[in-house]
Amino acid sequence: MKQITVVGSGVMGKGIAYTSVVAGYKVYLNDLTEEILSKAKKEIDALLDSSFEKGYLQQEQYDHAKENLFYETDLERAAKDADLVIEAVLEKMDVKISVFKKLDSICKPEAILATNTSTMSPTEIGAQTSRASQVVAMHFFNPVHKMKLIEVIRGLETSDDTVQFVKEVTASFKKEAVEVNEFPGFVTSRMNCLIGNEAMNMLMEGVASARDIDNAMKLGLNHPMGPLELADLVGLDTRLRNMEYLYATLGEKYRPCPLLIKYVKAGRLGKKSGRGFYDYE
Ligand code: NAD
């Protein structure tokens, strides 16, 4: 196991590429344009530099990372030699399926294909490939370089060997895996989306300000972040797609809060756009 290819260089793809290269792998990061990738490179380089300066990375890790992370818009060049591909494109089933179909035709027969979906079905994605037993979900958390958990979600046809393989990769990242049988939203998104949506409903109803809702959850219930701060970190467009999928699959309880829909329509996407429930400018 030598090469990991990460598809999508947004909030999560950048963090997964950073974590993979720091763990000693050769890494290709793929996205649609040079412009998107050069923005990703700037952010990853800044994180490598600050982690090294703060003593979180050893000299060898830093040197390896600087020499072994490649940015590539051509998916074939990025993925043809990969042992593991981790997809982190938009939370839209049609986009994910089109990426997996291409990967299936490009990648080595033995390569494992993982999706970082927050809610969706690795079974549905795997069924569109000729290697359903080698398709699995690896659900990372944001920010990836800090968060310890990876949920490993087994689709209907995912083999024991594939699950074992991604658990070993998880350990090589110095992270912990929990194994989950596929069901919409797995463990964490199913729970977290509900808490976040309730916080948004409270804000909309005027129960308390965003700051007070978040402080109540932090100081009273010992959550490390408030649910509205967390939604801003995730990205409100991504959170809305998660809610829409959970609403479609699990029902009424997950109906997206109208305030969330309104914010996304206004382009208030959270931290990545400079404004969400809070102002980051
Ligand atoms: P994002 O919008 O920040 O980034 C998505 C990236 O994918 C963009 O850079 C886009 O240009 C790229 N992309 C789109 N189509 C592509 C294609 N065909 N080929 C290559 N690149 C393509 O999204 P994100 O927040 O990083 O989320 C990515 C995935 O990770 C989603 O499935 C999401 O549900 C999941 N996830 C997100 C979080 C989070 O906190 N944001 C946490 C866990 C999981």
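The basis for the numbers below is simple: all heavy atoms, side chains too, and nothing from hydrogens, waters or symmetry mates. Both ligands and their constituent atoms are indexed starting at 1 by order of listing.
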Nearest-neighbour protein heavy atom for atom 17 (C) of ligand 1, which is reported as residue plus atom name and distance: Leu32 CD2, 3.5 Å

Positive for side-chain hydrogen bond (donor to acceptor under 3.5 Å, both in side chains) with Glu91, one of Asn116, Thr115, Thr117: Thr117

Protein contact of atom 43 (C) of ligand 1 - nearest heavy atom, named by residue and atom, plus distance: Phe140 O, 3.1 Å

Nearest neighbour in protein (non-hydrogen) for atom 23 (O) of ligand 1: Thr238 OG1, 4.2 Å

Heavy atom of the protein closest to atom 20 (C) of ligand 1 (residue, atom name, distance): Asn30 OD1, 3.4 Å

Closest protein heavy atom to atom 41 (N) of ligand 1, given as residue, atom name and distance to 0.1 Å: Val234 O, 2.9 Å

Side chain, backbone, both or neither: the part of Val99 lying under 4.0 Å from ligand 1 by heavy atom: side chain

Polar proximity ligand 1 side, Lys96 side, N/O cut 3.5 Å exclusive: yes

Ligand 1 versus Leu75: contacting region, heavy-atom distance under 4.0 Å: neither

Per-residue contact class, Asn142 against ligand 1 - non-hydrogen pairs under 4.0 Å: side chain

Identity and separation of the nearest protein heavy atom to atom 29 (C) of ligand 1: Val89 O, 3.2 Å

Nearest protein heavy atom with distance in Å, relative to atom 32 (O) of ligand 1: Glu91 OE1, 2.5 Å

N or O pair under 3.5 Å between Met12 and ligand 1: yes

Protein contact to atom 3 (O) of ligand 1 [nearest heavy atom, distance to 0.1 Å]: Val11 N, 3.0 Å

Lys2 NZ: over 12 foreign heavy atoms closer than 6.0 Å: no

Contact check: Ser118 vs ligand 1, nitrogen or oxygen atoms, below 3.5 angstrom: yes

Ligand 1 N/O within reach of Asn116 N/O, cut-off under 3.5 Å: yes

